[in-house]
Amino acid sequence: MPPVHRGWLLGFAHEVTLPAETRIFGEDDVADRFWVLRSGLVALDVHIPGRGPVVVETVADGELLGWSWLFEPYRWHLGARTRSAVHAWEFDAARVRAAMEDQPAAGLALFRTIADQVIGERLRSARTRLLDLYGNDKSHESGVRGAVG
């Protein structure tokens, strides 16, 4: 974000410290807060029946934790647990959403930053992981070609 908008956002922050192995939120919990990590590591997970939580991504220093607060129905799609002690800025989601409406230029800057640097990067990362898992398997190609053509 441009520095002027970064300062605007930090005006809504308060500092928090979370101990290692703290469950921050679970899948389908209300997404009423979000965080920018100053230090530490957070694992994002999905619950798999019979296996429990499986880590699908990690968030580290300087990164945003949580973007479900930005989209209705404001529920978390993943769970999050600290892997180490975390120092972060915490934000009240409803307050920030209201401020985004009141100050559209700052709101647009925040939205664009989240869309590109967070959502976009996580989608690219998921694509890379899928390519790592399935990219060398030639058996699926023949099935796709046969089904299509």
Side-chain angles (χ1 to χ4, degrees), residues 1-49 51-137 140-141 144 148:
M1 288 181 68
V4 66
H5 296 135
R6 193 175 313 126
W8 166 83
L9 180 61
L10 286 174
F12 298 102
H14 70 274
E15 292 185 39
V16 296
T17 300
L18 304 169
E21 299 305 320
T22 299
R23 188 75 168 160
I24 302 171
F25 54 82
E27 288 178 73
D28 205 39
D29 287 352
V30 174
D32 60 355
R33 295 174 285 164
F34 65 97
W35 302 262
V36 173
L37 273 58
R38 299 181 66 205
S39 66
L41 188 65
V42 174
L44 300 177
D45 57 47
V46 61
H47 182 80
I48 307 244
R51 289 183 61 193
V54 174
V55 174
V56 294
E57 187 78 45
T58 56
V59 180
D61 305 1
E63 293 183 305
L64 178 77
L65 172 60
W67 51 269
S68 296
W69 63 272
L70 194 52
F71 302 99
E72 289 186 45
Y74 311 124
R75 311 289 296 185
W76 296 117
H77 296 281
L78 301 171
R81 179 180 298 278
T82 60
R83 290 294 186 216
S84 63
V86 168
H87 301 285
W89 285 297
E90 183 177 83
F91 299 85
D92 177 287
R95 230 177 123 211
V96 173
R97 284 193 306 267
M100 290 172 73
E101 294 286 329
D102 290 342
Q103 297 193 16
L108 182 59
L110 176 59
F111 186 83
R112 283 183 173 162
T113 298
I114 292 170
D116 181 49
Q117 294 179 11
V118 180
I119 299 171
E121 184 54 39
R122 293 204 183 133
L123 288 172
R124 286 185 287 276
S125 177
R127 180 174 182 246
T128 299
R129 284 193 307 277
L130 286 171
L131 288 172
D132 286 345
L133 283 172
Y134 301 109
N136 293 328
D137 180 8
H140 71 282
E141 291 179 7
V144 171
V148 174

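On a predicted model such as this, the values are computed, not experimentally measured, just so you know.
- Although no hydrogens or angles enter the test, the distance criterion places no donor-acceptor pair under 3.5 Å between the side chain of Thr17 and the main chain of His87.
- With Leu78 as reference, Val56 is the one residue of Asp45, Val56, Asp28 to meet the side chain to side chain contact (heavy atoms under 4.5 Å, CB included) rule.
- Applying the 6.0 Å contact sphere to CZ of Arg23 captures more than 12 heavy atoms from other residues, nucleotides or ligands.
- The backbone N or O of Glu21 lies less than 3.5 Å from a partner atom in the side chain of Thr82, making a donor-acceptor pair.
- Gly26 and Trp76 make their closest contact through O-CB, 3.6 Å (heavy atoms, listed as atom of the first residue, atom of the second, distance).
- Distance CG/Asp29 to CZ/Arg75: 7.0 Å, rounded to 0.5 Å.
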Report all side-chain donor-acceptor pairs from residues 30-44 shorter than 3.5 Å, counting only partners two or more places apart or in another chain.
residue, atom, partner, partner atom, Å
Arg33, NH1, Glu90, OE2, 3.3
Trp35, NE1, Glu90, OE2, 2.8
Arg38, NH1, Glu15, OE1, 2.7

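- With a 4.5 Å cut-off on side-chain heavy atoms, Val46 and Val55 do not count as touching.
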Tell me which donor-acceptor pairs under 3.5 Å the side chains of residues 97-105 have, and how far apart each pair is, sequence neighbours excluded?
residue, atom, partner, partner atom, Å
Arg97, NH1, Trp69, O, 2.6
Gln103, OE1, Trp8, NE1, 3.2

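- Taking the salt bridge (charged side-chain N to carboxylate O under 4.0 Å, His left out) definition, one finds that Glu63 meets it with nothing, sequence neighbours left out.
- A donor-acceptor pair under 3.5 Å is formed between the side chain of Thr113 and the backbone N or O of Ala109.
- Considering CZ of Arg81 and OG1 of Thr22, their distance stands at 8.0 Å, rounded to 0.5 Å.
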**OP:** Walk me through it: do Phe91 and Leu10 pass the test side chain to side chain contact (heavy atoms under 4.5 Å, CB included)?
**Re:** CA-CA 9 Å; Phe91 299 85; Leu10 286 174; 4.3 Å; yes
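- From Leu65, atom CG reaches atom CG of Leu18 across 9.0 Å, with rounding to the nearest 0.5 Å.
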